[in-house]
Amino acid sequence: MIGKIINKLRKITGAAYKQVSYAQAGEDIVVQLIAERMGLSKLTYLDIGTNHPKKFNNTYLLYKKGNNGVCVEPDPSLVRVIKSQRPNDVCLNVGLSSGEESVADFYVMSVNTLNTFSKEDAEALDKEGTFKIKSVIKIPLKNVNNIISENFKGTTPNFISLDVEGWNEEIVRSFDFSKFRPEIFCIETAYFEPTGQIKRIEGIFDVMKQNGYHVFADNQINTIFVSKI
């Protein structure tokens, strides 16, 4: 589906060129073309759960195009890599809180894309045996609305990428849509169970619809929501 969306948007925008994608399945190209369609020649982003600064990353293509924003990554080892490879971005070594918590246990897994604040998810993966818990570290937490207020100087990021294993729905539910209205969201809306089955997080779709966003593209892992197009 993402490929069809890319081709459709290229026709709309006249962007017939070939583009390299750094995201998991071309999500960054779709976001870039949506931004062009919206007339956002320069945009800012909030990348929550950045992980690697380039590989399978939804904002690196935008960074290469001269845009910048804020990366949020709780894994200290990955933060060092992000800061070295994306010096024009702000990088925060924190996790996201949906409430008043100020610190939480962070489970560093044998595959860092599965790192999570969810004890239940980490232990389920560890028990299954394919992936193991390497360590558990204390990481400070910040509310997503405070991060935006403190780092975007009275404005709202145009694009939010959200991928925090096990906590995506909680973060979406804590978002203050009455105060902040990003044009584009890309959210991981699938949960991978230890059995390998993919479970859709229906609550995310409900919250986004209730707040005036509609699905623009979906690849059964990540969903791109837009407020207008």
Side-chain angles (χ1 to χ4, degrees), residues 22-25 27 45-60 63 69-148 150-151 160-175 186-201 203-204 221-222:
Y22 298 91
Q24 190 169 7
E27 295 91 342
Y45 49 78
L46 174 58
D47 189 341
I48 304 170
T50 304
N51 198 264
H52 193 276
K54 298 180 182 179
K55 185 178 180 181
F56 298 143
N57 186 277
N58 292 334
T59 60
Y60 183 63
Y63 180 84
V70 176
C71 296
V72 177
E73 174 53 50
D75 188 329
S77 64
L78 288 168
V79 167
R80 290 190 289 270
V81 180
I82 296 166
K83 287 183 175 181
S84 67
Q85 297 190 19
R86 293 170 62 162
N88 293 329
D89 279 343
V90 173
C91 185
L92 305 177
N93 186 195
V94 299
L96 267 287
S97 168
S98 58
E100 300 300 320
E101 304 92 340
S102 60
V103 66
D105 288 335
F106 181 64
Y107 294 80
V108 180
M109 307 300 294
S110 53
V111 174
N112 62 31
T113 53
L114 297 175
N115 291 350
T116 181
F117 283 99
S118 172
K119 179 180 180 180
E120 180 182 0
D121 292 351
E123 290 183 345
L125 288 167
D126 189 84
K127 183 178 180 180
E128 188 271 336
T130 304
F131 309 103
K132 306 302 292 182
I133 298 173
K134 289 177 59 180
S135 62
V136 183
I137 57 179
K138 296 286 186 183
I139 294 295
L141 302 178
K142 298 204 74 168
N143 181 276
V144 62
N145 302 301
N146 291 339
I147 287 176
I148 294 174
E150 293 168 7
N151 291 277
I160 291 184
S161 175
L162 176 58
D163 182 359
V164 286
E165 300 295 325
W167 279 24
N168 288 339
E169 183 175 351
E170 287 80 359
I171 299 307
V172 170
R173 289 189 181 279
S174 71
F175 197 90
C186 181
I187 305 173
E188 186 179 58
T189 51
Y191 168 70
F192 293 86
E193 296 181 325
T195 59
Q197 293 181 317
I198 298 177
K199 180 181 179 181
R200 301 288 278 175
I201 310 172
I204 294 176
I221 298 173
N222 294 307

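In the displayed structure, Lys132 atom NZ is contacted under 6.0 Å by more than 12 heavy atoms of other residues, nucleotides or ligands.
Applying the salt bridge (charged side-chain N to carboxylate O under 4.0 Å, His left out) rule to Glu169 yields the partners Arg173; only residues at least two apart in sequence or on another chain are considered. Considering only residues two or more places apart in sequence or on other chains, Asp89 meets the side chain to side chain contact (heavy atoms under 4.5 Å, CB included) condition with Tyr45, Tyr63, Asn68, Cys71, Arg86. Legend: residues meeting salt bridge (charged side-chain N to carboxylate O under 4.0 Å, His left out) with Asp163, ordered by chain and number and at least two apart, are absent. Partners of Ser118 according to the side chain to side chain contact (heavy atoms under 4.5 Å, CB included) rule, which considers only residues two or more places apart in sequence or in another chain, are Thr116, Glu120, Asp121, Trp167. Qualifying side-chain hydrogen bond (donor to acceptor under 3.5 Å, both in side chains) partners for Asn146, counting only residues two or more places apart in sequence or in other chains: none. Not counting sequence neighbours, the partners of Val103 by the side chain to side chain contact (heavy atoms under 4.5 Å, CB included) test are Lys138. With sequence neighbours left out, Lys142 forms a salt bridge (charged side-chain N to carboxylate O under 4.0 Å, His left out) with Glu150. By the salt bridge (charged side-chain N to carboxylate O under 4.0 Å, His left out) test, Arg200 is found to be paired with Asp218, residues two or more places apart in sequence or in another chain being considered. For Tyr22, the ring-ring contact (aromatic ring centres under 6.0 Å, His included) criterion is met by Tyr60, not counting sequence neighbours. Partners of Lys127 by side chain to side chain contact (heavy atoms under 4.5 Å, CB included), not counting sequence neighbours: none found.
Each salt bridge (charged side-chain N to carboxylate O under 4.0 Å, His left out) pair with one or both residues in residues 69-78, not counting sequence neighbours, would appear here, but there are none. Applying the ring-ring contact (aromatic ring centres under 6.0 Å, His included) rule to pairs touching residues 71-108 yields Phe106-Phe117, sequence neighbours excluded.
In this structure, the side chains of Cys91 and Val79 come closer than 4.5 Å at one or more pairs of heavy atoms. No side-chain heavy atom of Thr50 sits less than 4.5 Å from a side-chain heavy atom of Leu78. The shortest distance between side-chain heavy atoms of Asn112 and Asn51 falls below 4.5 Å. Between Val144 and Ile48, some side-chain heavy-atom pair lies under the 4.5 Å cut-off.
Residues Glu188 and Asn222 bring no donor and acceptor atom of their side chains to less than 3.5 Å of each other.
Side chain of Asn58 to main chain of Ser161: no donor-acceptor pair is present (N/O by atom type, distance under 3.5 Å, no hydrogens or angles).
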